[in-house]
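All chains are named by letter (A, B, ...) in the order of the sequence lines, taking the proteins before the strands, and each is independently numbered beginning at 1.
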Amino acid sequence: MPELPEVETVVRGLQAVLPRRTVVAVAGVAPEVTVGKCILAVRRYGKFIVLDFEDGMLFVHLGMTGQLMWSSEQSKFTRGQFFLDEGVLRYDDIRKFGKVFWATTYPKRGPDPLEISAGDFVQLVQSRRTRIKVLLLDQGFLRGMGNIYTDEVLFLARIHPMTPGDALSKPKLLVLHQAIQEVLAAAIAAGGSSISDYVNAKGEKGSFQDHHQAYGKHGKPCPRCAGTLERMLVSQRGTTFCPKCQKL
DNA sequence: ATTACTACCTGACAGC
DNA sequence: TGCTGTCAGGTAGTAA
């Protein structure tokens, strides 16, 4: 569910309440190591939410249906709770694909899509023969993009999802890099996309789903040409694109 | 190095 | 109403 903009939105919400709070007790899946320790900062690392402590980091990955909220309530799907000296941090996950773990080093990931320079991006993509959609989804290549934003960005840049990385020209890749910046920024500004489960740290939905141009819109007219958006599978992921605008 | 496929788990929805 | 099949924002592991 949550990709970079959704995780960023949750992080921003938690930044307002978590720093300087001390963990008093934990319940459920949450690691005991954090008990008695003070949260120094909240950050995003790819699709991970990172809580900084003096001697390590707590990584939270929301998987497909995870939620991390500032709430003392519980639901049927609450899997863990961090009781703080003031307030409760609650972790929900319907499908249990999410993870919460303690570490002192970072999981290996590629550069952040919002931080990589256009030049580095062009070089990285052109060094690979893998299809561009697979590359963008690969967290070891770029950390943060998922199925929604990959479809949106490739549509905007008019690039066919199956195009091999090394078949893309520099101008095309500059357009793609720019599309990534614009789409992710707009999505963050809209508080992310809520397709079914995603909510922010306050339990509120985002609104960027109202601005999707391609993702999930197969069978509908292309917003740009007279064609119809089509659906196909790319490495087992549902993919929507316009066969007229995004030619191989 | 890269691809293909499976598994993890639950819910929503379409069709019968 | 209820059953069956399909699909879903993600990632890890295994085999080819």
S.K.: Would you indicate which nucleotide in C:dA8, B:dT10, B:dT3 comes nearest to any side-chain atom of A:Lys96?
M.R.: B:dT10
S.K.: Taking the P atom in each of B:dT6 and C:dT6, what is the distance between them to the nearest angstrom?
M.R.: 13 Å
S.K.: How about A:Phe241 and A:Phe155: are their ring centres within less than 6.0 Å of each other?
M.R.: no
S.K.: Counting only side-chain heavy atoms from C-beta out, which of C:dC7, C:dA12, B:dT2 sits nearest to A:Lys99?
M.R.: C:dA12
S.K.: With a 3.5 Å cut-off and no angle check, do the side chains of A:Asp92 and A:Thr78 form a donor-acceptor pair?
M.R.: yes
S.K.: Of the listed nucleotides (B:dC5, C:dG10, B:dT3), which one gets closest to any side-chain atom of A:Thr130?
M.R.: B:dT3
S.K.: On the side chain of A:Arg95, is there an atom forming a donor-acceptor pair with the base of C:dA8 - under 3.5 Å, no angle test?
M.R.: yes
S.K.: Does A:Phe83 have A:Arg90 sitting over its ring (NZ/CZ under 6.0 Å from centre, angle to axis within 45°)?
M.R.: no
S.K.: A:Phe77 side chain: which of C:dC7, B:dG11, B:dT2 is closest?
M.R.: B:dG11
S.K.: Do you know which two heavy atoms are closest between A:Ile94 and A:Arg79, and how far apart they sit?
M.R.: O-NH2, 3.0 Å
S.K.: Indicate whether any N or O donor in one side chain lies under 3.5 Å from an N or O acceptor in the other, for A:Glu3 and A:Tyr198.
M.R.: no
S.K.: Think A:Gln236 has a side-chain N or O under 4.0 angstrom from the OP1 or OP2 of B:dA4?
M.R.: no
S.K.: Using a 5.5 Å cut-off between ring centres and planes within 30 degrees, is A:Phe97 stacked on the base of B:dC8?
M.R.: yes
S.K.: Only Watson-Crick and G-U wobble pairs with both distances less than 3.5 Å should count. Give DNA chain B in dot-bracket notation, marking inter-strand partners with |.
M.R.: .|||||||.|||||||
S.K.: Base, sugar-phosphate, or nothing for A:Thr150, non-hydrogen atoms under 4.0 angstrom?
M.R.: nothing
S.K.: Does a nitrogen or oxygen in the side chain of A:Arg79 sit under 4.0 Å from OP1 or OP2 of B:dC9?
M.R.: no
S.K.: Salt bridge (Lys or Arg N to Asp or Glu O under 4.0 Å), that's the test. Do A:Asp112 and A:Arg44 meet it? Break it down for me.
M.R.: CA-CA 10 Å; A:Asp112 193 287; A:Arg44 179 181 63 76; 2.9 Å; yes
S.K.: Check every atom of B:dG11, B:dT10, C:dA12 against the side chain of A:Arg109 and return the nucleotide holding the closest atom.
M.R.: C:dA12
